[in-house]
Number of protein chains: 2
Amino acid sequence: MRNRENLIPVYYRLAEDIKHQIESGVLKDGNILPTEAQLGEQYAISRMTVRQGIALLAEAGLIETVKGKGSFVTRLRLNQLVIDLKNNGTGKEKLHYKLIGVNLIRNNLELARELGFSGETNVIMVKRLLVKENLPVAIEEKFLRYQKGKPLLETQLEYADFPELVAKHQDSVPVRNDMAISVSVLSAEQAKLLEADEMLPALVVKQVIYAKEDISLGVSIMVCHKDRFELTATSYPLSGRL
Amino acid sequence: MRNRENLIPVYYRLAEDIKHQIESGVLKDGNILPTEAQLGEQYAISRMTVRQGIALLAEAGLIETVKGKGSFVTRLRLNQLVIDLKNNGTGKEKLHYKLIGVNLIRNNLELARELGFSGETNVIMVKRLLVKENLPVAIEEKFLRYQKGKPLLETQLEYADFPELVAKHQDSVPVRNDMAISVSVLSAEQAKLLEADEMLPALVVKQVIYAKEDISLGVSIMVCHKDRFELTATSYPLSGRL
DNA sequence: CAGTGGTCTAGACCACCTG
DNA sequence: AGGTGGTCTAGACCACTGA
(Lines give C-alpha, C1' and ligand atoms only; values in the text may rest on other atoms or scores of the structure.)
Protein backbone atom coordinates (compact mmCIF):
# COMPACT_ATOMS: atom_id res chain seq x y z
CA MET A 1 0.00 0.00 0.00
CA ARG A 2 2.12 2.80 -1.29
CA ASN A 3 1.26 6.34 -0.59
CA ARG A 4 -0.90 7.27 -3.56
CA GLU A 5 -3.40 10.11 -4.11
CA ASN A 6 -2.91 11.34 -0.52
CA LEU A 7 0.31 13.15 0.23
CA ILE A 8 0.70 12.21 3.88
CA PRO A 9 2.74 9.10 4.58
CA VAL A 10 1.06 5.85 5.53
CA TYR A 11 2.91 5.44 8.82
CA TYR A 12 1.68 8.85 9.83
CA ARG A 13 -1.93 7.89 9.14
CA LEU A 14 -1.45 4.77 11.22
CA ALA A 15 -0.06 6.81 14.11
CA GLU A 16 -2.91 9.30 13.94
CA ASP A 17 -5.52 6.56 13.86
CA ILE A 18 -4.14 5.02 17.02
CA LYS A 19 -3.69 8.42 18.63
CA HIS A 20 -7.36 9.20 18.09
CA GLN A 21 -8.34 5.84 19.52
CA ILE A 22 -6.35 6.68 22.63
CA GLU A 23 -7.65 10.23 23.01
CA SER A 24 -11.25 9.14 22.55
CA GLY A 25 -10.90 6.38 25.11
CA VAL A 26 -11.29 3.42 22.73
CA LEU A 27 -7.82 2.37 23.75
CA LYS A 28 -7.30 2.92 27.45
CA ASP A 29 -4.30 3.24 29.70
CA GLY A 30 -2.53 -0.12 29.88
CA ASN A 31 -4.26 -1.65 26.87
CA ILE A 32 -2.08 -3.60 24.50
CA LEU A 33 -1.92 -2.63 20.84
CA PRO A 34 -2.26 -5.15 18.03
CA THR A 35 1.10 -6.69 17.20
CA GLU A 36 3.21 -5.12 14.51
CA ALA A 37 2.45 -8.02 12.20
CA GLN A 38 -1.29 -7.60 12.75
CA LEU A 39 -1.15 -3.87 12.12
CA GLY A 40 0.82 -4.52 8.97
CA GLU A 41 -1.90 -6.83 7.76
CA GLN A 42 -4.72 -4.46 8.72
CA TYR A 43 -3.18 -1.55 6.88
CA ALA A 44 -1.64 -3.74 4.18
CA ILE A 45 1.81 -2.29 4.78
CA SER A 46 5.15 -3.81 5.63
CA ARG A 47 6.30 -4.28 9.20
CA MET A 48 9.08 -1.69 8.94
CA THR A 49 6.48 0.91 8.01
CA VAL A 50 4.32 -0.09 10.94
CA ARG A 51 7.33 0.32 13.18
CA GLN A 52 7.82 3.86 11.91
CA GLY A 53 4.32 4.75 13.04
CA ILE A 54 4.78 2.97 16.36
CA ALA A 55 7.99 4.94 16.87
CA LEU A 56 6.12 8.21 16.40
CA LEU A 57 3.60 7.26 19.07
CA ALA A 58 6.33 6.17 21.46
CA GLU A 59 8.21 9.41 20.89
CA ALA A 60 5.08 11.37 21.72
CA GLY A 61 4.73 9.39 24.92
CA LEU A 62 1.39 7.86 24.00
CA ILE A 63 2.62 4.27 24.06
CA GLU A 64 5.52 2.23 25.33
CA THR A 65 6.93 -0.80 23.63
CA VAL A 66 8.40 -3.74 25.52
CA LYS A 67 10.61 -6.24 23.80
CA GLY A 68 9.10 -9.69 23.67
CA LYS A 69 5.72 -8.51 24.94
CA GLY A 70 4.12 -5.78 22.89
CA SER A 71 3.18 -2.11 22.76
CA PHE A 72 1.04 -0.62 25.50
CA VAL A 73 -0.97 2.56 25.89
CA THR A 74 0.47 4.81 28.58
CA ARG A 75 -0.91 7.86 30.27
CA LEU A 76 0.73 10.93 28.84
CA ARG A 77 3.52 12.28 31.00
CA LEU A 78 1.62 15.38 32.00
CA ASN A 79 3.97 15.76 34.92
CA GLN A 80 6.68 16.88 32.57
CA LEU A 81 6.19 20.43 31.40
CA VAL A 82 8.33 22.33 28.95
CA ILE A 83 9.21 25.91 29.66
CA ASP A 84 10.20 27.73 26.51
CA LEU A 85 12.35 30.73 27.33
CA LYS A 86 11.52 32.30 24.03
CA ASN A 87 7.86 33.24 23.88
CA ASN A 88 8.03 33.65 27.63
CA GLY A 89 7.76 36.76 29.65
CA THR A 90 4.65 38.78 29.36
CA GLY A 91 2.56 38.37 26.25
CA LYS A 92 3.71 38.67 22.68
CA GLU A 93 5.05 42.21 22.90
CA LYS A 94 8.70 42.46 22.05
CA LEU A 95 11.20 42.78 24.86
CA HIS A 96 14.05 45.24 24.64
CA TYR A 97 17.37 44.77 26.34
CA LYS A 98 19.10 47.68 27.98
CA LEU A 99 22.72 47.10 28.86
CA ILE A 100 23.62 48.34 32.31
CA GLY A 101 27.22 47.27 32.49
CA VAL A 102 29.97 44.77 31.72
CA ASN A 103 32.69 44.04 34.26
CA LEU A 104 35.75 41.85 34.27
CA ILE A 105 36.20 40.59 37.80
CA ARG A 106 39.79 39.40 38.28
CA ASN A 107 41.09 36.79 40.66
CA ASN A 108 37.98 36.50 42.74
CA LEU A 109 38.37 32.89 43.85
CA GLU A 110 35.35 33.08 46.08
CA LEU A 111 33.06 34.09 43.22
CA ALA A 112 34.65 31.72 40.72
CA ARG A 113 34.18 28.82 43.09
CA GLU A 114 30.60 29.78 43.76
CA LEU A 115 29.92 29.80 40.03
CA GLY A 116 31.65 26.45 39.59
CA PHE A 117 34.32 27.90 37.31
CA SER A 118 37.08 25.50 38.25
CA GLY A 119 40.52 26.51 37.03
CA GLU A 120 39.48 30.00 36.01
CA THR A 121 39.37 32.89 38.43
CA ASN A 122 38.54 35.72 36.04
CA VAL A 123 34.84 36.25 35.63
CA ILE A 124 32.91 38.44 33.21
CA MET A 125 29.73 39.91 34.59
CA VAL A 126 27.06 41.32 32.32
CA LYS A 127 24.13 43.19 33.75
CA ARG A 128 21.14 44.26 31.75
CA LEU A 129 17.56 45.32 32.04
CA LEU A 130 14.64 43.73 30.21
CA VAL A 131 12.21 46.39 29.11
CA LYS A 132 8.73 46.05 27.66
CA GLU A 133 6.95 49.13 26.42
CA ASN A 134 9.23 51.41 28.39
CA LEU A 135 8.50 49.47 31.57
CA PRO A 136 11.34 47.54 33.23
CA VAL A 137 10.38 43.91 33.55
CA ALA A 138 13.43 42.16 34.96
CA ILE A 139 17.08 42.52 35.89
CA GLU A 140 19.52 40.01 34.42
CA GLU A 141 22.95 39.28 35.79
CA LYS A 142 25.10 36.92 33.78
CA PHE A 143 28.43 35.48 34.83
CA LEU A 144 30.73 33.98 32.22
CA ARG A 145 34.10 32.29 32.34
CA TYR A 146 36.69 34.68 31.01
CA GLN A 147 37.84 33.39 27.64
CA LYS A 148 40.92 34.86 26.03
CA GLY A 149 40.45 36.15 22.53
CA LYS A 150 36.66 35.82 22.64
CA PRO A 151 35.38 39.35 23.08
CA LEU A 152 31.75 40.00 23.85
CA LEU A 153 30.33 41.93 20.96
CA GLU A 154 27.95 44.75 21.53
CA THR A 155 25.24 43.11 19.44
CA GLN A 156 25.52 39.86 21.38
CA LEU A 157 25.12 41.70 24.64
CA GLU A 158 22.05 43.51 23.44
CA TYR A 159 20.18 40.66 21.85
CA ALA A 160 21.47 37.16 22.45
CA ASP A 161 19.68 35.06 25.01
CA PHE A 162 21.77 33.37 27.62
CA PRO A 163 22.54 29.94 26.13
CA GLU A 164 23.33 31.62 22.82
CA LEU A 165 25.60 34.15 24.50
CA VAL A 166 27.50 31.37 26.24
CA ALA A 167 27.82 29.42 22.99
CA LYS A 168 29.24 32.45 21.21
CA HIS A 169 31.68 33.29 23.96
CA GLN A 170 33.03 29.85 24.75
CA ASP A 171 35.05 27.33 22.85
CA SER A 172 33.35 24.57 24.82
CA VAL A 173 30.00 23.41 23.52
CA PRO A 174 27.10 23.97 25.91
CA VAL A 175 25.11 20.79 26.41
CA ARG A 176 22.87 21.40 29.40
CA ASN A 177 20.93 24.17 31.05
CA ASP A 178 19.68 23.82 34.63
CA MET A 179 17.16 26.18 36.10
CA ALA A 180 15.95 26.98 39.58
CA ILE A 181 12.91 29.12 40.21
CA SER A 182 12.51 30.81 43.56
CA VAL A 183 11.14 33.89 45.25
CA SER A 184 12.81 36.89 46.80
CA VAL A 185 12.09 40.49 47.66
CA LEU A 186 13.56 43.48 45.89
CA SER A 187 16.58 45.21 47.37
CA ALA A 188 16.69 48.99 47.31
CA GLU A 189 18.97 48.94 44.28
CA GLN A 190 16.81 46.40 42.42
CA ALA A 191 13.65 48.30 43.23
CA LYS A 192 15.14 51.45 41.78
CA LEU A 193 16.13 49.73 38.53
CA LEU A 194 12.72 48.12 38.17
CA GLU A 195 10.92 51.32 39.13
CA ALA A 196 9.10 49.49 41.89
CA ASP A 197 8.81 49.49 45.65
CA GLU A 198 11.53 48.07 47.83
CA MET A 199 10.64 44.77 49.48
CA LEU A 200 8.20 43.92 46.68
CA PRO A 201 8.14 40.14 46.11
CA ALA A 202 9.99 39.05 42.98
CA LEU A 203 10.42 35.92 40.89
CA VAL A 204 14.04 34.76 40.70
CA VAL A 205 15.14 32.54 37.82
CA LYS A 206 18.64 31.13 38.01
CA GLN A 207 20.21 29.28 35.10
CA VAL A 208 23.48 27.38 34.89
CA ILE A 209 24.87 26.37 31.50
CA TYR A 210 27.11 23.30 31.41
CA ALA A 211 29.47 21.74 28.92
CA LYS A 212 29.86 17.99 28.91
CA GLU A 213 31.04 16.41 32.14
CA ASP A 214 29.20 19.02 34.18
CA ILE A 215 31.67 21.81 33.57
CA SER A 216 29.95 25.07 34.42
CA LEU A 217 30.25 27.64 31.61
CA GLY A 218 27.99 30.39 32.83
CA VAL A 219 25.40 31.45 35.35
CA SER A 220 22.45 33.75 34.82
CA ILE A 221 20.22 35.25 37.49
CA MET A 222 17.01 37.02 36.56
CA VAL A 223 15.04 39.03 39.07
CA CYS A 224 11.58 39.65 37.69
CA HIS A 225 8.91 42.15 38.60
CA LYS A 226 6.01 40.10 39.91
CA ASP A 227 3.28 41.88 37.97
CA ARG A 228 5.13 42.30 34.70
CA PHE A 229 6.51 38.83 34.19
CA GLU A 230 4.94 35.40 34.33
CA LEU A 231 6.62 32.12 33.52
CA THR A 232 4.54 29.62 31.59
CA ALA A 233 5.09 26.01 30.68
CA THR A 234 3.12 23.35 28.88
CA SER A 235 3.24 19.60 28.47
CA TYR A 236 2.41 19.90 24.81
CA PRO A 237 5.85 20.07 23.16
CA LEU A 238 6.75 16.66 24.55
CA SER A 239 3.86 15.09 22.72
CA GLY A 240 4.07 17.36 19.71
CA ARG A 241 4.03 16.69 16.02
CA LEU A 242 1.07 14.35 16.10
CA MET B 1 28.35 -5.22 9.42
CA ARG B 2 26.02 -7.03 11.71
CA ASN B 3 26.14 -6.46 15.39
CA ARG B 4 28.65 -9.05 16.57
CA GLU B 5 30.71 -9.35 19.76
CA ASN B 6 29.39 -5.99 20.98
CA LEU B 7 25.84 -5.91 22.27
CA ILE B 8 24.98 -2.33 21.43
CA PRO B 9 23.35 -1.75 18.07
CA VAL B 10 25.35 -0.31 15.18
CA TYR B 11 23.06 2.67 14.61
CA TYR B 12 23.58 3.61 18.23
CA ARG B 13 27.34 3.56 17.84
CA LEU B 14 27.03 5.75 14.79
CA ALA B 15 24.87 8.23 16.70
CA GLU B 16 27.29 8.34 19.62
CA ASP B 17 30.27 8.86 17.34
CA ILE B 18 28.64 11.87 15.75
CA LYS B 19 27.40 13.12 19.12
CA HIS B 20 30.93 13.11 20.47
CA GLN B 21 32.18 14.93 17.40
CA ILE B 22 29.59 17.62 18.04
CA GLU B 23 30.24 17.92 21.76
CA SER B 24 33.99 18.11 21.28
CA GLY B 25 33.66 20.78 18.62
CA VAL B 26 34.90 18.72 15.65
CA LEU B 27 31.50 19.25 14.08
CA LYS B 28 30.29 22.78 14.71
CA ASP B 29 26.96 24.51 14.61
CA GLY B 30 25.74 24.66 11.02
CA ASN B 31 28.18 22.06 9.66
CA ILE B 32 26.75 19.53 7.27
CA LEU B 33 27.05 15.83 8.02
CA PRO B 34 28.23 13.28 5.46
CA THR B 35 25.34 12.06 3.34
CA GLU B 36 23.47 8.98 4.43
CA ALA B 37 25.05 7.01 1.60
CA GLN B 38 28.54 8.10 2.66
CA LEU B 39 27.92 7.21 6.29
CA GLY B 40 26.61 3.86 5.18
CA GLU B 41 29.83 3.23 3.30
CA GLN B 42 32.05 4.46 6.14
CA TYR B 43 30.39 2.21 8.68
CA ALA B 44 29.68 -0.54 6.15
CA ILE B 45 26.00 -0.60 7.01
CA SER B 46 22.84 -0.16 5.01
CA ARG B 47 21.22 3.20 4.51
CA MET B 48 18.15 2.33 6.60
CA THR B 49 20.43 1.64 9.54
CA VAL B 50 22.22 4.93 9.04
CA ARG B 51 18.85 6.65 9.05
CA GLN B 52 18.03 5.05 12.39
CA GLY B 53 21.12 6.65 13.90
CA ILE B 54 20.40 9.98 12.22
CA ALA B 55 16.86 9.85 13.65
CA LEU B 56 18.27 9.44 17.16
CA LEU B 57 20.42 12.52 16.76
CA ALA B 58 17.53 14.53 15.35
CA GLU B 59 15.29 13.43 18.21
CA ALA B 60 17.91 14.59 20.69
CA GLY B 61 18.00 17.95 18.95
CA LEU B 62 21.65 17.67 17.95
CA ILE B 63 21.02 17.82 14.22
CA GLU B 64 18.29 18.75 11.79
CA THR B 65 17.68 17.05 8.48
CA VAL B 66 16.41 18.90 5.43
CA LYS B 67 14.94 17.02 2.51
CA GLY B 68 16.96 17.38 -0.64
CA LYS B 69 19.84 19.09 1.14
CA GLY B 70 21.33 17.12 4.01
CA SER B 71 21.68 16.89 7.78
CA PHE B 72 23.08 19.82 9.72
CA VAL B 73 24.46 20.29 13.22
CA THR B 74 22.27 22.57 15.32
CA ARG B 75 22.82 24.22 18.62
CA LEU B 76 20.97 22.31 21.29
CA ARG B 77 17.68 23.88 22.25
CA LEU B 78 18.87 24.95 25.66
CA ASN B 79 16.04 27.43 25.77
CA GLN B 80 13.62 24.61 26.33
CA LEU B 81 13.72 23.31 29.87
CA VAL B 82 11.69 20.49 31.34
CA ILE B 83 10.04 20.78 34.72
CA ASP B 84 9.49 17.36 36.19
CA LEU B 85 6.80 17.65 38.83
CA LYS B 86 7.90 14.43 40.38
CA ASN B 87 11.33 14.79 41.93
CA ASN B 88 10.49 18.44 42.45
CA GLY B 89 9.94 20.27 45.64
CA THR B 90 12.69 20.35 48.13
CA GLY B 91 15.30 17.64 47.93
CA LYS B 92 14.73 13.93 47.97
CA GLU B 93 12.85 13.74 51.24
CA LYS B 94 9.41 12.30 50.83
CA LEU B 95 6.45 14.65 50.85
CA HIS B 96 3.33 13.82 52.81
CA TYR B 97 -0.11 14.99 51.86
CA LYS B 98 -2.54 16.14 54.49
CA LEU B 99 -6.12 16.46 53.35
CA ILE B 100 -7.75 19.65 54.55
CA GLY B 101 -11.11 19.30 52.91
CA VAL B 102 -13.27 18.26 49.96
CA ASN B 103 -16.23 20.35 48.91
CA LEU B 104 -18.86 20.03 46.24
CA ILE B 105 -19.72 23.51 45.08
CA ARG B 106 -23.08 23.47 43.34
CA ASN B 107 -24.37 25.78 40.65
CA ASN B 108 -21.65 28.35 40.96
CA LEU B 109 -21.65 29.61 37.39
CA GLU B 110 -19.11 32.28 38.15
CA LEU B 111 -16.56 29.78 39.42
CA ALA B 112 -17.30 27.21 36.71
CA ARG B 113 -16.83 29.82 34.02
CA GLU B 114 -13.60 31.01 35.57
CA LEU B 115 -12.30 27.45 35.54
CA GLY B 116 -13.40 26.97 31.95
CA PHE B 117 -15.83 24.18 32.87
CA SER B 118 -18.30 24.81 30.08
CA GLY B 119 -21.61 22.98 30.47
CA GLU B 120 -20.95 21.92 34.03
CA THR B 121 -21.73 24.12 37.00
CA ASN B 122 -20.93 21.73 39.81
CA VAL B 123 -17.34 21.87 40.94
CA ILE B 124 -15.41 19.67 43.30
CA MET B 125 -12.77 21.44 45.33
CA VAL B 126 -9.99 19.54 47.07
CA LYS B 127 -7.69 21.31 49.45
CA ARG B 128 -4.61 19.73 50.91
CA LEU B 129 -1.34 20.54 52.55
CA LEU B 130 2.05 19.32 51.41
CA VAL B 131 4.20 18.46 54.40
CA LYS B 132 7.86 17.60 54.59
CA GLU B 133 9.32 16.46 57.87
CA ASN B 134 6.40 17.89 59.83
CA LEU B 135 6.90 21.26 58.16
CA PRO B 136 4.16 22.57 55.84
CA VAL B 137 5.62 23.28 52.42
CA ALA B 138 2.69 24.28 50.23
CA ILE B 139 -1.08 24.58 50.03
CA GLU B 140 -2.81 22.92 47.10
CA GLU B 141 -6.27 23.76 45.87
CA LYS B 142 -7.66 21.61 43.11
CA PHE B 143 -10.85 22.19 41.18
CA LEU B 144 -12.41 19.35 39.22
CA ARG B 145 -15.45 19.03 37.01
CA TYR B 146 -18.11 17.15 38.90
CA GLN B 147 -18.46 13.73 37.29
CA LYS B 148 -21.42 11.56 38.19
CA GLY B 149 -20.54 8.08 39.40
CA LYS B 150 -16.84 8.83 39.70
CA PRO B 151 -16.22 9.25 43.41
CA LEU B 152 -12.92 10.52 44.67
CA LEU B 153 -11.35 7.76 46.67
CA GLU B 154 -9.57 8.51 49.86
CA THR B 155 -6.32 7.02 48.61
CA GLN B 156 -6.41 9.12 45.45
CA LEU B 157 -6.86 12.27 47.45
CA GLU B 158 -3.94 11.46 49.67
CA TYR B 159 -1.40 10.40 47.12
CA ALA B 160 -2.26 11.02 43.49
CA ASP B 161 -0.61 13.96 41.79
CA PHE B 162 -2.84 16.31 39.89
CA PRO B 163 -2.80 14.94 36.33
CA GLU B 164 -3.27 11.45 37.74
CA LEU B 165 -6.14 12.57 39.92
CA VAL B 166 -7.86 14.17 36.94
CA ALA B 167 -7.31 11.04 34.83
CA LYS B 168 -8.87 8.85 37.52
CA HIS B 169 -11.84 11.12 38.07
CA GLN B 170 -12.75 11.91 34.47
CA ASP B 171 -14.01 9.86 31.58
CA SER B 172 -12.25 12.25 29.20
CA VAL B 173 -8.58 11.59 28.56
CA PRO B 174 -6.25 14.39 29.68
CA VAL B 175 -3.91 15.40 26.89
CA ARG B 176 -2.33 18.65 27.99
CA ASN B 177 -1.14 20.42 31.11
CA ASP B 178 -0.50 24.15 31.09
CA MET B 179 1.35 25.84 33.91
CA ALA B 180 1.83 29.42 35.03
CA ILE B 181 4.35 30.38 37.68
CA SER B 182 3.92 33.63 39.53
CA VAL B 183 4.50 35.31 42.86
CA SER B 184 2.15 36.38 45.59
CA VAL B 185 2.13 37.08 49.31
CA LEU B 186 0.53 34.90 51.94
CA SER B 187 -2.93 35.78 53.20
CA ALA B 188 -3.62 35.45 56.89
CA GLU B 189 -5.31 32.11 56.36
CA GLN B 190 -2.52 30.78 54.15
CA ALA B 191 0.13 31.97 56.58
CA LYS B 192 -1.58 30.10 59.37
CA LEU B 193 -1.71 26.85 57.38
CA LEU B 194 1.91 27.17 56.36
CA GLU B 195 3.00 28.18 59.84
CA ALA B 196 4.60 31.31 58.45
CA ASP B 197 4.23 35.05 58.65
CA GLU B 198 1.44 36.85 56.87
CA MET B 199 2.57 38.85 53.84
CA LEU B 200 5.53 36.52 53.29
CA PRO B 201 6.31 36.21 49.55
CA ALA B 202 5.19 32.91 48.05
CA LEU B 203 5.60 30.98 44.82
CA VAL B 204 2.30 30.31 43.07
CA VAL B 205 2.05 27.44 40.59
CA LYS B 206 -1.17 27.17 38.62
CA GLN B 207 -1.93 24.17 36.43
CA VAL B 208 -4.78 23.57 34.01
CA ILE B 209 -5.42 20.09 32.63
CA TYR B 210 -7.10 19.83 29.24
CA ALA B 211 -8.73 17.11 27.21
CA LYS B 212 -8.53 17.30 23.44
CA GLU B 213 -9.97 20.41 21.83
CA ASP B 214 -8.93 22.52 24.81
CA ILE B 215 -11.67 21.32 27.11
CA SER B 216 -10.64 22.22 30.65
CA LEU B 217 -10.86 19.25 33.02
CA GLY B 218 -9.29 20.62 36.14
CA VAL B 219 -7.36 23.45 37.72
CA SER B 220 -4.75 23.25 40.46
CA ILE B 221 -3.27 26.13 42.39
CA MET B 222 -0.27 25.61 44.64
CA VAL B 223 0.93 28.27 47.05
CA CYS B 224 4.44 27.42 48.17
CA HIS B 225 6.48 28.57 51.12
CA LYS B 226 9.40 30.47 49.62
CA ASP B 227 12.10 28.88 51.75
CA ARG B 228 10.78 25.33 51.72
CA PHE B 229 10.06 24.83 48.04
CA GLU B 230 12.08 25.43 44.92
CA LEU B 231 11.10 24.57 41.37
CA THR B 232 13.84 23.16 39.19
CA ALA B 233 14.03 22.42 35.50
CA THR B 234 16.67 21.12 33.13
CA SER B 235 17.20 20.94 29.40
CA TYR B 236 18.52 17.41 29.72
CA PRO B 237 15.40 15.28 29.22
CA LEU B 238 14.86 16.79 25.78
CA SER B 239 18.23 15.54 24.63
CA GLY B 240 18.19 12.39 26.67
CA ARG B 241 18.98 8.81 25.86
CA LEU B 242 22.20 9.55 24.05
C1' DC C 1 20.03 17.38 -14.39
C1' DA C 2 22.27 14.74 -10.50
C1' DG C 3 22.19 14.42 -5.56
C1' DT C 4 19.80 14.47 -1.30
C1' DG C 5 16.71 12.87 2.24
C1' DG C 6 11.71 10.60 2.78
C1' DT C 7 9.05 6.58 2.19
C1' DC C 8 8.37 1.72 1.64
C1' DT C 9 9.15 -3.32 0.79
C1' DA C 10 9.91 -8.30 1.73
C1' DG C 11 12.59 -10.64 3.50
C1' DA C 12 16.15 -12.22 7.60
C1' DC C 13 18.12 -13.25 12.25
C1' DC C 14 18.20 -12.05 17.00
C1' DA C 15 16.96 -11.42 22.09
C1' DC C 16 13.38 -11.46 25.00
C1' DC C 17 9.04 -13.09 27.21
C1' DT C 18 5.40 -16.36 28.20
C1' DG C 19 3.29 -20.73 28.61
C1' DA D 1 8.44 -23.65 21.49
C1' DG D 2 6.05 -19.98 19.63
C1' DG D 3 5.23 -15.16 19.64
C1' DT D 4 6.90 -10.55 20.32
C1' DG D 5 9.58 -6.46 19.39
C1' DG D 6 14.73 -5.01 18.00
C1' DT D 7 18.03 -4.89 14.43
C1' DC D 8 19.53 -5.00 9.72
C1' DT D 9 19.70 -5.60 4.61
C1' DA D 10 19.54 -4.45 -0.37
C1' DG D 11 17.01 -2.94 -3.02
C1' DA D 12 13.15 0.64 -4.97
C1' DC D 13 10.61 4.98 -6.13
C1' DC D 14 9.52 9.59 -4.71
C1' DA D 15 9.86 14.85 -3.72
C1' DC D 16 12.77 18.21 -3.04
C1' DT D 17 17.03 20.96 -3.72
C1' DG D 18 20.65 23.01 -6.27
C1' DA D 19 23.45 24.18 -10.27
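Heavy-atom basis, side chains included; hydrogens, waters and symmetry copies ignored. Letters A, B, ... mirror the listed sequences (proteins, then strands); counts begin at 1.
- Residue A/Y43 contributes atom OH, which lies 13 Å from atom P of C/dC8 at whole-angstrom precision.
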For nucleotides 17-19 of chain D, give me every protein contact, N/O to N/O, under 3.5 Å, one pair per line with atom names.
unit_1	atom_1	unit_2	atom_2	d
D/dG18	OP1	B/K69	NZ	3.3

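- Heavy-atom contacts from other residues, nucleotides or ligands closer than 6.0 Å to CD of A/E41 number 12 or fewer.
- Both tests pass for B/R176 against the ring of B/Y210: distance under 6.0 Å to the centre and angle within 45° of the axis.
- Atom CD in A/E64 sits roughly 20 Å away from atom P in D/dT4 (whole-Å rounding).
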*Report the C-alpha distance between A/V173 and B/D29 in whole Å, list the side-chain angles of each, state the deciding distance to 0.1 Å, and finish with yes or no for side-chain contact (heavy atoms from CB on, under 4.5 Å).*
CA-CA 9 Å; A/V173 183; B/D29 184 28; over 6 Å; no
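- Out of D/dT7, C/dG5, C/dT9, the shortest distance to the side chain of A/T49 is found at C/dT9.
- Comparing C/dT9, C/dT7, D/dT7 by their closest approach to the side chain of B/Q52 singles out D/dT7.
- For the residue pair A/N79 and B/D161, a side-chain donor N or O sits within less than 3.5 Å of a side-chain acceptor on the partner.
- Closest approach to the B/S71 side chain among C/dG5, D/dC8, C/dA10 is made by C/dG5 (side chain taken as heavy atoms from C-beta onward).
- Nearest nucleotide to the side chain of B/M48, out of C/dT7, C/dA12, D/dC8: C/dT7.
- Shortest non-hydrogen contact noted between B/L78 and A/P174 is CD1-CB, 3.6 Å.
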*Begin from the C-alpha positions of A/M222 and A/F229 and carry the test side-chain contact (heavy atoms from CB on, under 4.5 Å) through to its verdict.*
CA-CA 11 Å; A/M222 277 181 67; A/F229 192 93; 4.1 Å; yes
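- Minimum atom distance to the side chain of A/V10 is reached by C/dC8, of the listed C/dA10, C/dC8, C/dG5.
- Here B/Y11 reaches the OP1 or OP2 of D/dT7: one of its side-chain N or O atoms lies under 4.0 Å away.
- Within the structure, every side-chain polar atom (N or O) of A/R47 is placed at least 4.0 Å from both OP1 and OP2 of C/dG11.
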